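Let me begin by presenting the structure, written as structure tokens, before commenting on it.
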Amino acid sequence: MKLSGAVCVVTGAASGIGRALAQALACDGGSVVVAADINADGAETAAAEIRSRLGSGGPQIVSAGIDIADEAAVVSLIENVEANLGPIELWCGNAGIACPGGVERPNEEWDQVWDVNLMAHVIASRHLVPRWEKRGSGHLLITASAAGLLTGLGTASYAVTKHAAVALAEWIAITHGDKGVRVSCLCPQGVRTPMTEADSQLGVAQVEALGLLEPEDVAALTLEALRNDQFLILPHPEVALYEQRRAGDRQRWLDGMRQMQRSLVKLSGP
Ligand SMILES: NC(=O)c1ccc[n+]([C@@H]2O[C@H](COP(=O)([O-])OP(=O)(O)OC[C@H]3O[C@@H](n4cnc5c(N)ncnc54)[C@H](O)[C@@H]3O)[C@@H](O)[C@H]2O)c1
């Protein structure tokens, strides 16, 4: 896709990968950016930072406070952006949450993770894909995770919802690709953001052990992939090999993951 002048919405733009993506799209891609986040003040701070970096004469940068799992709010954001800034050409569904624990966690928590990590993408696509098909073009970026291709140790709801997000991205790419809808799926392993700095749960020990990337580097790679209409974006290229190993011999892969879990439990201590 052509980023220069394109109207792009980035969700989860107040922090981490979303913030870096919004900045890269505006400053390096020349895109018009809507920085959207449930943290409205954080989104405005991110937008203001971009505006001050760009100075006068740069593309328009605005912020929006929005719960991305609220369908009415998403519809209103899409309508507002299209009325005031122009047709949305790129939607970066990047907001995500992670909760530690497994099936013992309460349904309310599973629902919350499901709503943000999967249903937000379903909702956004429901209202964007028909517009994009009518126009013959549009690009959806879903920030999933390497946990959506492999697994996420210590966090069942994250692993499961990220697998679902990858499946949705593939399904939309197949079903709507012939009508000009492009999809990219960003699957990083570990990125230095508040999500990985949160606490010392097992999943965090896992990503730290595997090496953390800076959000700005992930954003730069993502811009390149978007320009090339590339589906799978793997900032940690070794994830492709892990995925092949998982598909090639599931039993051996499960044994290896158990071993990794045992060593990380020792690392994180009691
Ligand atoms: N950091 C990593 O190691 C890593 C690795 C793989 C994938 N990811 C994914 O990247 C994305 C960004 O994560 P991050 O590491 O930058 O995390 P982060 O916590 O720094 O940022 C997430 C942002 O999403 C916002 N958000 C949460 N719920 C929302 C909602 N309902 N509506 C709108 N905004 C909401 C938060 O306010 C926050 O600003 C997530 O989808 C995450 O799962 C992160």
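These numbers were taken from a predicted model, which means no experiment stands behind them. For the single chain, residues carry numbers from 1 onward in sequence order. Indexing begins at 1, ligand by ligand and atom by atom, following the structure's order.
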Would you mind running through ligand 1 and noting each atom that sits below 4.0 Å from a heavy atom of [X]?
{"X": "Val116", "value": "28 (N), 31 (N)"}
{"X": "Tyr158", "value": "6 (C), 7 (C), 8 (N), 9 (C), 42 (C), 43 (O), 44 (C)"}
{"X": "Thr143", "value": "9 (C), 10 (O), 11 (C), 41 (O)"}
{"X": "Gly12", "value": "23 (C), 24 (O), 25 (C)"}
{"X": "Pro188", "value": "5 (C), 6 (C), 7 (C)"}
{"X": "Ala14", "value": "39 (O)"}
{"X": "Gly16", "value": "16 (O), 20 (O)"}
{"X": "Pro194", "value": "20 (O)"}

**Prompt:** If you look only at pairs with a residue in residues 7-34, which of them pass as a salt bridge (Lys or Arg N to Asp or Glu O under 4.0 Å), with sequence neighbours excluded?
**Reply:** Arg19-Glu49

May I ask which of [options] has a heavy atom nearer to [atom] than the others do?
{"atom": "atom 1 (N) of ligand 1", "options": "Asp37, Asp115, Thr193, Leu21", "value": "Thr193"}
{"atom": "atom 17 (O) of ligand 1", "options": "Glu197, Arg19, Met195", "value": "Met195"}
{"atom": "atom 5 (C) of ligand 1", "options": "Met119, Gln189, Lys162", "value": "Gln189"}
{"atom": "atom 3 (O) of ligand 1", "options": "Val191, Ile97, Leu212, Leu213", "value": "Val191"}
{"atom": "atom 26 (N) of ligand 1", "options": "Ala13, Ala95, Ala120", "value": "Ala95"}

**Message:** Considering both backbone and side-chain atoms of Ser145, is one of its nitrogen or oxygen atoms within less than 3.5 Å of a nitrogen or oxygen in ligand 1?
**Reply:** no

**Message:** Any nitrogen or oxygen of Asp67, side chain or backbone, less than 3.5 Å from one on ligand 1?
**Reply:** yes

**Prompt:** Can you get from Val181 to Val7 by hopping between Ile, Leu, Val, Met, Phe, Trp and Tyr side chains that sit under 4.5 Å apart?
**Reply:** yes

**Request:** State yes or no: do Trp171 and Met119 share one hydrophobic cluster built from I, L, V, M, F, W and Y residues joined by side-chain heavy-atom distances below 4.5 Å, directly or via other members?
**Result:** yes

**Message:** Testing the basics here: between Ala144 and Val166, what is the closest heavy-atom pair and its distance to 0.1 Å?
**Reply:** CB-CG2, 3.6 Å

**Prompt:** If every non-hydrogen atom of Val32 is compared with every non-hydrogen atom of Gly5, which pair is closest and at what distance?
**Reply:** CG2-O, 4.0 Å

Proximity to ligand 1 by part of [X], non-hydrogen separation under 4.0 Å:
{"X": "Ile66", "value": "backbone"}
{"X": "Ile17", "value": "both"}
{"X": "Ile38", "value": "both"}

Please determine whether any non-hydrogen atom of [X] lies less than 4.0 Å from an atom of ligand 1.
{"X": "Ala144", "result": "yes"}
{"X": "Gly190", "result": "yes"}
{"X": "Thr196", "result": "yes"}

**Item:** Side-chain H-bond candidate by donor/acceptor type, His127 with Glu71, under 3.5 Å
**Value:** yes

[X] and side chain to side chain contact (heavy atoms under 4.5 Å, CB included): which single residue from [options] fits?
{"X": "Gln112", "options": "Asn117, Ile97, Asn107", "answer": "Ile97"}
{"X": "Leu77", "options": "Thr11, Ile66, Asp70, Ile88", "answer": "Ile66"}
{"X": "Arg131", "options": "Lys134, Glu133, Arg135", "answer": "Arg135"}

**Request:** Considering only NZ, NE, NH1 and NH2 on the basic side and carboxylate oxygens on the acidic side, decide whether Arg252 and Asp255 come within less than 4.0 Å.
**Result:** no

**Request:** Give a yes or no on this: more than 12 heavy atoms of other residues, nucleotides or ligands lie within 6.0 Å of atom CZ of Arg227.
**Result:** yes

**Item:** Side-chain (Ser184) to main-chain (Leu226) donor-acceptor, under 3.5 angstrom
**Value:** no

**Prompt:** Is the NZ or CZ atom of Arg246 both under 6.0 Å from the centre of the six-membered ring of Trp253 and within 45° of that ring's axis?
**Reply:** yes

